[in-house]
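Every chain is numbered from 1 and lettered A, B, ... according to where its sequence line falls, protein lines coming before strand lines.
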2 protein chains.
Amino acid sequence: MFMTQDNPVRLRDVARAAGVSQGTASNVFNRPDIVRQEVRERVEAAARELGYAGPSLTGRLLRAGKVNAIGVATAEPLTYFFEDQWARTMMAAIAAECDKQGAGLSIVSAMNRERPAWNIQSALVDGLILLCAEEGPALIGQTEKRELPFVALGLEESTVDAPGVGIDNRDGARQAAEHLVALGHRRIAILGIGESWNDRCATPEEVMTTPYLTVRDRVEGYWAGLATAGIAAGDVPYADTDSERETVWAAMSRLFAMERPPTAVLAMSDRVALFAIEWLKSQSRRVPEDVSVVGFDGIPEGADTLPALTTVQQPFQELAARAVASILNGEEIAARTVLPLPLVVRGSTGPAPKSEL
Amino acid sequence: MFMTQDNPVRLRDVARAAGVSQGTASNVFNRPDIVRQEVRERVEAAARELGYAGPSLTGRLLRAGKVNAIGVATAEPLTYFFEDQWARTMMAAIAAECDKQGAGLSIVSAMNRERPAWNIQSALVDGLILLCAEEGPALIGQTEKRELPFVALGLEESTVDAPGVGIDNRDGARQAAEHLVALGHRRIAILGIGESWNDRCATPEEVMTTPYLTVRDRVEGYWAGLATAGIAAGDVPYADTDSERETVWAAMSRLFAMERPPTAVLAMSDRVALFAIEWLKSQSRRVPEDVSVVGFDGIPEGADTLPALTTVQQPFQELAARAVASILNGEEIAARTVLPLPLVVRGSTGPAPKSEL
DNA sequence: GCGCACATTTGAACCGGTTCAAGAAACAGT
DNA sequence: ACTGTTTCTTGAACCGGTTCAAATGTGCGC
C-alpha cells in the first residue's frame, strides 16, 4: 500500500508501467469500452499495482471546465446554514434538488476576516445560489465579479436587478388575514420580525419605516386582507420582536394585556408563531379555541407541533428547483420571478370564540 | 459587459492586451507587490477592459494541488445534513471550525442511483469527514479508495480500524444514571432508539441483541450507573422507539401504565426526551416535579425548551475541531480516539417526588 | 566609463488530465 | 496481392494557470 502523500502517481506513470500511451490509459478510465480488453486489464493491473486512485479531479476538471457542483452563499457565518430554520429548510430543498441532478453542493460564507469576498471568489462551483437575508445587495455585488451564473433567493426587490426568484409576500399575508376574517375574527394582532419598537406597539406609519421590505410587504398584505372585513390598519395592534423567545413573549404579554385582547394573531414567521403558541399555553389559553395563530414560512417544525401550525407556505421546493435548474442547465430566470404562496390551514386556527361574536 | 459563457478570457489574453508576459500578469493577481506600479495598473486596466474575472480556480488549483475545502460525507441523502438533528448540530460545529480556518465546506451524499461511490469519488476536497450512521463500514470502504485523508465521526467501534473520533457513550450514560440515582430516584425507565420491540418492554437480554453498538453502549452505561444504587438491569423497564413522536408516546404510555410508574426516564436521545416531556405535559405530569427526564446528545433545542433538558452532552465542537484539524493540518488521529461526555444538568431533572421516598 | 547590486520581467517547464486527427494493425472482400 | 473497413492506439495540442532560474534594465558609487 502507498500513502496519498508520498504517492504522486500520475496517469502518465500508470501508462508507462502498462506500456501504453497516456491517451489509452485515460480511455481505460473514461471510456473503457473502446479499449481492447487485454490492454484494459493490463492498465488496470498497473494502476492497482501503483496504488493509483483514479484520474485526478483537478486535471480532469481543467479540461472539462465544469465542476458539477453548485454553491450556496450567504453573508452569514457558515453555521447559519444549519442553525437558522429558514435557511435550513431552504437548504434541504436545494439539497434534494442537487441529489436529483447528481450535483455536488458547497456552502459558502461571505464572512471572512481578511477579505469578505474571498470565499465567494474561491468556491469551486459552477454557479451560486445566494441566500439573501439582510446583506443581499453586497452579496450580489461580490458575486457579480465572479462572472458566474447565480440566482438570488429571498432578495428584496428594491435592490439591484439581478436574476432572482422571490415570493409574493404581500399576497401570502393577505390570504392569512382573510382566512382569519373568514373564521369570524375581528380583533387580530400582528407579531412582527422587524427588531425594533420592542417595547410597545407601533403605529402603521412607524411600521412602514422599517428597512426590511419583507416586513413591509407582509404587513401590507395583512392590512389588505383585514380591510376586506372593514378593519383599518390603525386598529390592528402591531408588536415587534427580534424572533427570539424573550421578545415574542414580551410582545404577547403586551398584546394580551390590552383591554380587549386579540382573538387571533398573525405572526410574520413560524418561529415567532411557535413562541407565541408556547406563551399562550403557558397562560392557559387554548389554541385555537381561545386564540388562533397563523405563522409564515411553512418550516417543517410547524407541521409537527401540537396543534399544527396554520401558515403561509413558502414554496421551498419550487424555489430550489428553479434556482438549481437555472444554474445547472442554464435556464434563464426573469430578473424578478415571483412565486405565489399558498396558505396551509392546520390546527392552530379556528372560529373566533363565540363570546366574542 | 461580457457574459461568462461567451467570454473565455484567459490570463494569457490579459497579458497580451497589456503587453506583458503571462508570468507578470499572474504576479499582478497573486503577488502584486513585486510588480512595478505602472505595469500593475496597465494589467489591471486590461483585465477590467476584457472583463477578466480573475485567475481561474481550476488552473490555479491544478498547480497548487490544494482545494482548501473539506467534504463531509454520509450514506444518507443530502437532506440529512439539514434535517437530522444530530447531523445538523455536528455540521454547525464543523462549519464553525471551517470558518475559523477559512476553509470551504462541501457536503456529499454517498447515495447515487448509478454509482454509489460516485459522489465521494468526485468531490473536490482536500479530505473527508465521514458522518457514520448505520453504513459506516461501507462509507469507509468507498472513501479509502480515494486515497484522501479522512476521519470517521460517530463510527461504531466494532468496525474496520480507520482514523476516527468517537465518544464514550457508555460513560456518558453511566453519569446520567448516577445523576438520577443521586437525586433519589429508584424507579427509572429507559427509552431506547433501537427501532424494535415497539410494542412492549424488552428484557435486558433482548436489548443486547440490537445491532446498534451505540444503543448497547448506552444501555450498558445506564445499567452500570443504576447498579451503584443496587438496581438490577432486569428491574429497569426498557421501552423502544423509532425516534418519532408516535412511538415515543406509545412507549411512554406503556411505561406509565405500569403498576408503579417510573419517577425518572433515561432517554437515549434528546429528540426522544423532548417527545417524552411533551407526552408528560399532555398527561399533566410536571417535569421535573413529578417525573425527571434525562436526554442524550445535547442538541441546541434541548437547551431552549421549558424546562431545559438535562442531558449528556456530546462534545460537538471538540469532535469537529479534531476532525477538521486532522484533515487540514494533517494532524494524526489515533485509530480510535474516544472523547468523554460531560453531563449537563438543567431543569428537566429534580429530586424524586417525596411520596416515593 | 565601468562594475555591481537591486528591482523587474521574461520564457519555459510543469501541474494532471482529455481529446481528436491521424496512424497502425487486423481482417474481409475481390 | 491489393484495396477497403473496422478497431485500437498514439502523439500532440490544449485546458488555465504558477513558479523559478535566467535575462534585462536601472541606479549608484567611484
Side-chain angles (χ1 to χ4, degrees), chain A residues 2 4-5 7-44 46-47 50-68 121-122 124-126 146-148, chain B residues 2 4-5 7-44 46-47 50-68 121-122 124-126 146-148:
Chain A
F2 298 73
T4 311
Q5 269 75 353
N7 192 30
V9 188
R10 286 151 305 189
L11 184 57
R12 186 205 327 242
D13 305 318
V14 175
R16 195 171 315 157
V20 299
S21 81
Q22 186 174 331
T24 300
S26 174
N27 283 335
V28 169
F29 291 99
N30 296 297
R31 292 138 54 174
D33 43 304
I34 73 162
V35 179
R36 189 154 42 97
Q37 177 175 355
E38 187 238 323
V39 177
R40 185 174 356 121
E41 280 165 3
R42 192 144 42 89
V43 173
E44 280 163 352
L50 269 55
Y52 182 63
S56 134
L57 289 171
T58 32
R60 167 187 314 209
L61 183 47
L62 182 55
R63 200 71 169 79
K66 274 269 170 198
V67 184
N68 194 36
Q121 294 295 336
S122 62
L124 269 164
V125 295
D126 294 323
R146 178 84 190 265
E147 305 265 334
L148 261 167
Chain B
F2 297 74
T4 310
Q5 269 75 354
N7 192 28
V9 189
R10 285 152 305 186
L11 184 57
R12 187 202 327 236
D13 304 318
V14 174
R16 196 171 312 156
V20 299
S21 79
Q22 185 173 332
T24 300
S26 174
N27 283 335
V28 168
F29 291 100
N30 296 297
R31 292 140 53 175
D33 43 305
I34 72 163
V35 179
R36 191 154 42 99
Q37 178 176 353
E38 187 238 324
V39 176
R40 185 175 354 122
E41 280 164 5
R42 191 143 42 89
V43 173
E44 279 164 353
L50 270 56
Y52 183 63
S56 134
L57 289 171
T58 33
R60 170 193 312 225
L61 183 49
L62 181 54
R63 198 73 170 92
K66 273 273 170 196
V67 184
N68 194 36
Q121 294 295 336
S122 61
L124 269 164
V125 294
D126 294 323
R146 180 84 190 265
E147 306 264 337
L148 220 54

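A:Ser26 pairs by the side-chain contact (heavy atoms from CB on, under 4.5 Å) definition with A:Leu11, A:Asn30, not counting sequence neighbours. Partners of A:Ser56 under the side-chain hydrogen bond (donor to acceptor under 3.5 Å, both in side chains) rule, at least two apart in sequence or in another chain, are A:Thr58. A search for side-chain contact (heavy atoms from CB on, under 4.5 Å) contacts involving A:Arg42 returns A:Ala18, A:Val20, A:Glu38, A:Val39, not counting sequence neighbours. In this structure A:Ala53 satisfies the side-chain contact (heavy atoms from CB on, under 4.5 Å) test together with B:Glu147, sequence neighbours excluded. Contacts of B:Arg63 classified as side-chain contact (heavy atoms from CB on, under 4.5 Å), with partners at least two apart in sequence or in another chain: none. Residues passing the side-chain hydrogen bond (donor to acceptor under 3.5 Å, both in side chains) test with B:Ser122, sequence neighbours excluded: none. Scanning for salt bridge (charged side-chain N to carboxylate O under 4.0 Å, His left out) contacts around B:Arg10 gives B:Asp13, with sequence neighbours left out.
When side chains are defined from C-beta on, A:Gln22 does not count as touching A:Asn27, because their heavy atoms never get closer than 4.5 Å. With a 4.5 Å cut-off on side-chain heavy atoms, B:Val67 and B:Val125 do not count as touching.
Pairs engaging residues 14-44 of chain A under the ring-ring contact (aromatic ring centres under 6.0 Å, His included) rule: A:Phe29-A:Tyr52 [sequence neighbours left out].
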What does the list of N/O pairs under 3.5 Å between the protein and nucleotides 11-16 of chain D look like, with a distance for each?
residue : atom : partner : partner atom : Å
D:dC14  : O2   : A:Arg63 : NE           : 3.3
D:dG16  : N2   : B:Gly59 : O            : 3.3

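Straight-line distance from the CG atom of A:Asp13 to the C1' atom of C:dG17: 12 Å, rounded to whole Å. For the pair B:Leu61 CG and D:dG17 C1', the interatomic distance rounds to 10 Å; values are reported in whole Å.
Between its two ends, the helix from C:dG1-D:dC30 to C:dT30-D:dA1 turns its axis by 50°, counting five pairs per end and rounding to 10 degrees.
Within residues 25-37 of chain B, the residues having any heavy atom closer than 4.0 Å to DNA chain C are, in order of number, B:Val35, B:Arg36.
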